[in-house]
Amino acid sequence: MNLAWRDIRHKLGRFVLTCLGLSLLLAVVVTMAGIYRGQTADALALSQAIGADLWVVEAGTHGPFAESSRVPGDTRELVARINGVVEAGSITFQNVQIDRGGRRIRLQVVGYEPGRPGGPIRLVAGREITRSHFELIADRQTGLALGEVLRLGRDDYTVVGITSGVVTLSGDSIVYLSLRDAQQLQFDLSPAAARRETARGAQRNQTDLVNAVIARLATDTRPEEVAEVIRRWKHLSVLTDEQQAQVLTRTVIERARRQLGMFMSVLTLVSAVVIALIIYTLTMDKIREIATLKLIGAPDRTIVGLILQQALLMGMISFLAGTALVYAFSGWFPRRIVMLPEDIATLFGVVVVVCLAASTLGVRAALRVDPGRALTG
Amino acid sequence: MDERPPPRPLVELRGIAKHFGEGETRVDALRDITMTVSTGEVVGLLGPSGSGKSTLLNVIGAIVEPNQGWMRLDGEMIYDGQWLRRDLRRLRLEKIGFIFQTHNLLPFLDATDNVAVVLQLAGLAREECVRRSVELLDYLQVGHRRQAMPAQLSGGEAQRVAIARALANRPRIILADEPTAALDSARAGIVMDLLRKLAAEQQASVIAVTHDEKILDRFDRIYRLRDGLLVKTEERAAA
């Protein structure tokens with residue numbers, strides 16, 4: 001007979017409640033791991049959706065995601081002519097805030113040239129932008145529907161297509177406009193500001209600017225070779241897609257990632273302490289039974305087994321329940337939760353180790369119990 | 001004609017002493033205890049609180065290590081200035097059965113498994129453990145409660161299950177700490193008669209601590225203790 005299981009069955013309600021509490025705690029740990037991964041996934045989502053081999057940006061900058069970058073609109077033609085470049089496209093990025101249904105929503109507007117790289121890769125509804133002005137493709141997360149009209153700047157845009165799962169590194173939704181519309185939105189002055197500029201004799205505002213030019217290369221072309229050609233021009237910087245990903249994950253969101261990592265470590269430590277206290281309390285509640293077992297001749301391995309088996313069962317059930325809970329409610333979180341099988345397996349291993357380590361306190365107490373205690377009234 | 005083998009010593013203590021603490025806080029719990037209990041004997045330990053009865057029981061049960069003297073259990077020298085056997089729990093499992101003041105049944109096991117657990121610890125197969133447990137419970141007339149949990153048993157039933165557990169491995173020495181304290185006088189008499197019967201049948205020794213004057217006639221011999229000393233030994237013609 002398995003004493004651990006019999007004891008659990010005897011106090012099943014208490015065991016279930018303990019597991020429930022612990023599962024909520026472990027769910028927070030799993031969630032933190034999911035948010036950690038989700039942040040990386042969000043950070044790379046847009047650049048991966050764009051699918052560029054090279055990012056051509058303003059000289060001395062690290063690309064449009066890390067810092068401000070402006071290059072002339074005709075840069076695309078220059079890049080497209082380089083040997084090995086299959087296609088190139090100009091893109092702009094701009095953050096806007098809209099009021100919708102009484103809520104303020106932050107959006108990132110991506111301007112691209114329809115038919116060239118930089119636009120949405122996969123639409124889940126509607127069509128591509130076909131008119132040169134006033135059409136928009138929105139991510140599903142914005143809540144915008146096909147045919148809906150959205151005012152951006154001084155113009156109204158009609159939603160003609162819907163994408164899914166593409167967000168910025170801060171989790172904001174993305175809308176796509178044609179490059180011309182996006183340039184006007186970003187660089188055009190309001191009439192009052194334009195009049196003020198004219199009055200003070202300033203030069204006419206230059207709007208044919210883009211934030212980056214992206215290039216797709218032939219399969220047999222090494223990105224570094226083409227990048228070297230572009231770098232010789234001096235007035236431009238270039239990043240390979242791999243470098244862009246590094247900028248995004250190791251620089252732009254590094255501090256947030258470390259913060260999450262630290263928080264997850266603290267939570268794991270707190271969980272370990274809580275598990276240790278629970279196991280210790282459960283053991284202390286059984287002191288008389290343990291003394292009786294010792295008195296009737298049970299070896300230490302039987303008593304240690306009783307505690308370890310219960311600790312492991314509690315940890316494993318709580319972890320599985322916590323993970324299931326996070327899976328079930330991951331869609332309700334405002335940020336993306338990404339749970340990779342390897343992360344879940346690692347966390348499971350950590351929980352098992354934590355349970356074993358946390359049991360030492362209870363095991364130590366149990367092994368110190370004097371069997372004579374069973375004889376006292 | 002009685003065909004039983006002649007009595008032989010099962011518990012032999014010579015000059016056993018035990019103290020707790022040192023210096024000013026030293027308490028001599030047992031002083032120069034010498035006693036012998038033979039097969040089939042039922043012996044009582046009497047004395048006021050703090051006289052050393054429970055300590056003596058713990059010493060015989062290899063739970064508390066004495067400071068002086070020697071002790072032989074079932075012919076095996078167990079203590080002679082130090083423990084001579086390392087695996088004292090195994091010794092308890094094989095040779096000693098304990099009956100507690102309160103039954104001390106494991107609350108998470110039913111009556112059958114409370115008995116079977118001792119047999120399982122001794123290495124018997126599960127089926128054999130259950131078969132022998134059921135036999136014992138039937139013998140002690142609690143077989144009809146074999147599936148009941150300890151909380152569902154009356155005081156008398158629980159005590160009989162505890163006795164079944166104490167007897168499961170057919171121990172040579174049965175140590176009982178106030179075995180009738182929780183029982184009325186009628187049930188106390190039944191339990192003591194049962195212990196006498198088992199001691200006779202299994203050629204075991206029963207050593208019981210008691211305060212219960214009503215059951216004194218069930219003992220073959222009574223040792224009276226005071227301040228850790230054996231002050232009186234009464235031989236009785238048990239009923």
Side-chain angles (χ1 to χ4, degrees), chain A residues 1-19 278-279 281-314 362-363 365-377, chain B residues 49 53-59 61-65 87-110 112-123 126 129-130 133 149-151 162 165-166 168-169 171 175-179 181-182 209:
Chain A
M1 84 192 75
N2 185 301
L3 295 178
W5 172 239
R6 294 296 183 90
D7 186 37
I8 287 169
R9 218 172 53 175
H10 179 62
K11 292 173 187 160
L12 193 60
R14 181 177 160 170
F15 183 79
V16 168
L17 277 177
T18 307
C19 284
I278 289 172
I279 294 167
T281 308
L282 288 176
T283 306
M284 294 313 283
D285 283 352
K286 285 195 284 285
I287 285 296
R288 196 174 175 83
E289 286 80 23
I290 289 168
T292 304
L293 281 168
K294 281 185 167 183
L295 192 70
I296 62 177
D300 282 345
R301 67 170 182 279
T302 303
I303 290 152
V304 172
L306 170 72
I307 296 166
L308 285 187
Q309 284 170 36
Q310 288 191 346
L312 284 174
L313 200 62
M314 190 174 65
V363 166
L367 293 181
R368 282 181 167 182
V369 173
D370 175 14
R373 195 160 171 174
L375 292 169
T376 56
Chain B
S49 278
K53 306 182 300 292
S54 292
T55 307
L56 181 55
L57 209 65
N58 286 351
V59 167
I63 298 163
V64 168
E65 184 176 3
D87 195 353
L88 294 171
R89 276 190 227 173
R90 193 77 201 170
L91 169 85
R92 289 201 290 270
L93 183 64
E94 289 168 352
K95 294 193 174 177
I96 304 172
F98 289 92
I99 300 168
F100 308 94
Q101 186 174 351
T102 48
H103 54 74
N104 269 27
L105 295 175
L106 296 170
F108 47 87
L109 299 180
D110 63 19
T112 306
D113 283 338
N114 256 292
V115 181
V117 70
V118 183
L119 297 163
Q120 187 173 309
L121 289 170
R126 172 77 183 150
C129 294
V130 172
S133 304
M149 300 303 280
R165 182 176 67 184
N169 277 334
L175 302 178
D177 191 7
E178 305 257 15
V209 167

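Keep in mind the model is a prediction, meaning the values are calculated, not measured. What's counted below: heavy atoms across the whole structure, side chains too, no hydrogens, waters or symmetry copies. Letters A, B, ... mirror the listed sequences (proteins, then strands); counts begin at 1.
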Engineer: For A:Met1, which residues count as a side-chain contact (heavy atoms from CB on, under 4.5 Å) partner, sequence neighbours excluded?
Structural biologist: A:Leu3, A:Arg6, B:Leu109, B:Asp113, B:Ala116, B:Val117, B:Gln120, B:Arg126
Engineer: Main chain of B:Leu93, side chain of B:Asn169: is a donor-acceptor contact present, judged purely on distance under 3.5 Å?
Structural biologist: yes
Engineer: Please look at B:Pro171 and chain A and tell me whether the side chain, the backbone, both or neither of the residue comes under 4.5 angstrom of a heavy atom of that chain.
Structural biologist: neither
Engineer: Apply side-chain contact (heavy atoms from CB on, under 4.5 Å) to A:Ile8 and A:Met314, showing your working.
Structural biologist: CA-CA 10 Å; A:Ile8 287 169; A:Met314 190 174 65; over 6 Å; no
Engineer: Which one of A:Leu293, A:Asp7, A:Thr302 has the most heavy-atom pairs closer than 4.5 Å to chain B?
Structural biologist: A:Asp7
Engineer: Given a strict heavy-atom distance threshold of 4.5 Å, which part of A:Asp370 is in contact with chain B: side chain, backbone, both, or neither?
Structural biologist: side chain
Engineer: For the interface with chain B, which of A:Ala298, A:Pro299, A:Pro371 has the highest count of heavy-atom pairs at distances below 4.5 Å?
Structural biologist: A:Ala298
Engineer: Go through it in stages, so that I can follow the logic: the residues are A:Lys294 and A:Asp300, the test is side-chain contact (heavy atoms from CB on, under 4.5 Å), and I'd like the CA-CA distance, side-chain angles, deciding distance and then a yes or no.
Structural biologist: CA-CA 8 Å; A:Lys294 281 185 167 183; A:Asp300 282 345; 4.3 Å; yes
